[in-house]
K.L.:
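Before we start, here is the structure in question, set down as structure tokens.
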Amino acid sequence: MSNPLVHIQPRVVSALKNGEPVVALESTIVAHGMPFPANLENAQTLERLVEEGGAVPATVAVANGQIHVGCDADLMHALATEKDVWKVSRRDLPMALAQGALGATTVSGTLIGAEQAGIRVFATGGIGGVHRGVEMTWDVSADLAELAQASVAVVSAGAKSILDLAKTLEVLESSGVPVIGYQTDEFPAFFVRKSGLPLPHRCDTPDEVAQTMHAKWQLGLKGGFLVANPIPEAASADPELVERAIAAGIESAEEQGVYGKALTPFLLRFINEATEGKSLVANRQLVESNVSVGAEIAVAYAAKNRG
Ligand code: PSU
Ligand code: MN
């Protein structure tokens with residue numbers, strides 16, 4: 001039942017066929033989330049961490065008219081270095097495929113690739129959500145709608161406070177996406193472990209998460225999970241430094257008239273520069289932590305499905 005528009009790497013195909021754990025990774029983080037060469041090093045480290053955790057990595061991207069579930073070294077290098085790599089969310093996917101564009105998938109685009117392939121776990125840094133000032137802009141990331149329909153658990157460090165975190169949680173509740181605090185009772189705020197926003201659900205082990213995934217999908221409920229894993233204590237950034245950078249970034253975006261799909265990459269770049277790379281170090285460490293947790297969850301879920 002393979003779809004000609006979805007190219008799944010052979011080792012991913014065989015892992016899925018054998019019920020072995022696979023972890024999807026996004027490529028927007030490579031093309032638009034970090035500068036070169038940190039982005040390429042990070043992508044390679046993440047794939048290695050998935051392997052060390054006993055799972056098969058599958059970085060999702062778009063190239064030559066297909067969604068690639070699993071990127072080879074050449075494609076990864078192109079994503080990390082080429083100018084004009086498309087940022088591909090659900091909206092952009094048809095045009096990117098039709099035009100044979102080189103595209104980096106956001107959380108929403110990656111969820112589509114993961115679901116097409118049958119991958120149940122996806123690890124990333126931070127998801128998109130409801131932007132601050134939504135009353136004026138109506139800017140709500142397609143990531144939230146996709147989380148409501150793709151049956152995949154996304155491990156992230158919560159979301160950056162470039163977003164309105166409280167409203168982001170409200171939308172997730174409305175659309176029935178469980179947000180699971182991983183070893184925490186609070187929604188983490190990306191660079192920092194706490195946001196002050198309590199979460200109703202908490203799991204302390206990969207097994208508990210796997211059990212919850214199993215319960216949702218065995219019941220036949222469609223849609224995903226957000227597993228919120230706080231940044232490791234030692235990596236967490238100075239909250240004031242970050243908050244100042246974010247506020248300045250939002251102001252600068254307004255002044256320059258940056259909006260729509262350009263806004264998030266603009267803010268990510270702005271914050272990296274304003275914190276003189278401090279945020280980039282924290283960013284890399286938190287993604288690594290999420291990927292390791294993602295591999296553990298994928299292993300636990302695969303074991304549950306076999307047993
Ligand atoms: N937030 C981050 N890092 C990221 C992104 C968001 O802290 O790299 C990326 C992800 O790919 C996410 C996308 O899916 O930005 C959301 O973009 P938008 O806000 O345009 O939906
Ligand atoms: Mn948006």
Side-chain angles (χ1 to χ4, degrees), residues 24-35 38-39 42-43 46 59-62 79-80 85-93 96 103-114 122-134 136-148 150 152 154-165 167-168 171-172 177 187-192 195 224 226 228-231 235 237 242 245-246 249-250 253 258-272 275 279-291:
L25 302 167
E26 64 158 299
S27 46
T28 289
I29 197 171
V30 184
H32 307 290
M34 289 183 193
N39 56 355
N42 187 245
L46 299 184
T59 302
V60 175
V62 175
L79 290 163
V85 180
W86 289 31
K87 176 182 160 189
V88 180
S89 72
R90 171 179 277 261
R91 175 197 66 179
D92 310 294
L93 196 49
T105 49
T106 64
V107 169
S108 84
T110 304
L111 279 168
I112 292 171
F122 161 22
T124 187
I127 62 157
V130 180
H131 276 268
R132 292 192 197 175
V134 67
M136 299 299 294
T137 61
W138 290 42
D139 190 345
V140 178
S141 176
D143 293 353
L144 299 183
E146 206 59 47
L147 265 166
V152 179
V154 178
V155 184
S156 89
K160 282 200 179 78
S161 57
I162 57 177
L163 302 178
D164 185 321
L165 300 182
K167 291 191 178 75
T168 299
V171 171
L172 288 167
V177 177
F187 192 54
F190 201 81
F191 291 122
V192 293
S195 64
L226 183 60
N229 177 41
I231 185 170
V242 171
I246 287 171
I250 291 175
V258 180
Y259 70 97
K261 72 188 282 186
L263 181 60
T264 296
F266 176 91
L267 292 173
L268 298 181
R269 202 172 321 113
F270 189 99
I271 296 162
N272 282 342
T275 61
S279 68
L280 186 59
V281 175
N283 202 338
R284 289 178 67 163
Q285 287 177 305
L286 70 85
V287 188
E288 289 177 14
S289 160
N290 294 341
V291 165

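Whatever order the structure lists them in is the order used to number ligands and atoms, beginning at 1. These figures come from a predicted structure and were not determined experimentally.
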K.L.:
Report the member of Lys87, Arg90, Lys261, His32 with the shortest heavy-atom distance to atom 18 (P) of ligand 1.
P.N.:
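Result: the heavy atom closest to atom 18 (P) of ligand 1 is in Lys87.
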
K.L.:
In terms of residue, atom name and distance, what is the protein heavy atom nearest to atom 2 (C) of ligand 1?
P.N.:
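The closest heavy atom on the protein side is Lys160 NZ, 3.3 Å.
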
K.L.:
Would you call Tyr259 and Asp139 a side-chain contact if the rule is heavy atoms closer than 4.5 Å?
P.N.:
no

K.L.:
Given Ile127, which of Leu111, Val107, Leu163 fulfils the side chain to side chain contact (heavy atoms under 4.5 Å, CB included) condition?
P.N.:
Val107

K.L.:
For residues 24-32, tabulate all N or O donor-acceptor pairs below 3.5 Å that involve a side-chain atom, not counting sequence neighbours.
P.N.:
residue : atom : partner : partner atom : Å
Glu26   : OE1  : Ile29   : N            : 3.4
Glu26   : OE2  : Thr124  : OG1          : 2.4
Ser27   : OG   : Val60   : O            : 2.5
Ser27   : OG   : Thr105  : N            : 2.8
Ser27   : OG   : Thr105  : OG1          : 3.3
Thr28   : OG1  : Ala104  : O            : 3.4
Thr28   : OG1  : Thr105  : O            : 2.9
Thr28   : OG1  : Thr106  : N            : 3.1
His32   : NE2  : Val85   : O            : 3.1

K.L.:
Below 4.0 angstrom from a heavy atom of His131, which ligand 1 atoms are there? Numbered from 1 as shown, please.
P.N.:
19 (O)

K.L.:
Considering only protein heavy atoms, which is closest to atom 16 (C) of ligand 1, and at what distance to one decimal place?
P.N.:
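Answer, as residue, atom name and distance: Asp143 OD2, 3.8 Å.
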
K.L.:
Any side-chain to backbone donor/acceptor pair from Ser89 onto Gly109? Under 3.5 Å, distance only.
P.N.:
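Here the side-chain-to-backbone pair does not exist.
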
K.L.:
Under 2.8 Å from the Mn ion (ligand 2), which protein N, O or S atoms do you find? Ignore water molecules.
P.N.:
Asp139 OD1

K.L.:
What protein heavy atom lies closest to atom 11 (O) of ligand 1? Include the residue and the distance to one decimal.
P.N.:
Glu26 OE1, 2.6 Å

K.L.:
Considering only the protein, which heavy-atom contact is closest to atom 9 (C) of ligand 1, and what is its distance?
P.N.:
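For this ligand atom, the closest protein heavy atom is Thr28 CG2, 4.0 Å.
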
K.L.:
Students should be able to answer this: which protein heavy-atom is nearest to atom 1 (N) of ligand 1, and at what distance?
P.N.:
Gly126 O, 3.6 Å

K.L.:
So, is Leu268 polar-close to ligand 1, with some N/O to N/O distance under 3.5 Å?
P.N.:
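No; every N/O pair is 3.5 Å or more apart.
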
K.L.:
Evaluate the side-chain proximity of Lys167 to Val171: yes if any heavy-atom separation is below 4.5 Å, no if none is.
P.N.:
no

K.L.:
Can you find a heavy atom in the side chain of Phe187 that is under 4.5 Å from one in the side chain of Leu226?
P.N.:
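Answer yes - side chains close enough.
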
K.L.:
Would you mind reporting whether Phe270 and Ile246 have side-chain heavy atoms less than 4.5 Å apart?
P.N.:
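Heavy-atom side-chain distance check fails, nothing below 4.5 Å.
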
K.L.:
What are the two closest heavy atoms between Ile162 and His131, and how far apart are they?
P.N.:
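Closest pair (atom of Ile162, atom of His131, distance): O-ND1, 3.9 Å.
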
K.L.:
Is it true that Asp92 and Lys261 make a salt bridge, defined as a side-chain N closer than 4.0 Å to a carboxylate O?
P.N.:
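Salt bridge flag = yes for Lys261 with Asp92.
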
K.L.:
If every non-hydrogen atom of Leu144 is compared with every non-hydrogen atom of Gly128, which pair is closest and at what distance?
P.N.:
CD2-O, 3.7 Å

K.L.:
Within a distance under 4.0 Å of any heavy atom of Phe190, pick out the atoms of ligand 1 and give their elements.
P.N.:
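Those atoms are 7 (O).
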
K.L.:
Atom 19 (O) of ligand 1: which protein heavy atom is closest, and how many Å away?
P.N.:
Thr264 OG1, 2.6 Å

K.L.:
With no hydrogens and no angle check, is any side-chain donor or acceptor of Arg132 less than 3.5 Å from a backbone partner on Leu165?
P.N.:
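Not at all, since once roles are kept as given, no pair shorter than 3.5 Å links the two residues.
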
K.L.:
Check whether any N or O atom of Thr105, backbone or side chain, sits under 3.5 Å from an N or O atom of ligand 1, and answer yes or no.
P.N.:
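Not met; the criterion fails.
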
K.L.:
Atom 21 (O) of ligand 1: which protein heavy atom is closest, and how many Å away?
P.N.:
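I find the closest protein heavy atom is Ser141 OG, 2.6 Å.
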
K.L.:
Taking the side chain as every heavy atom from C-beta outward, state whether Val134 and Asp164 have any pair of such atoms under 4.5 Å apart.
P.N.:
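Not touching, per the 4.5 Å side-chain cut-off.
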
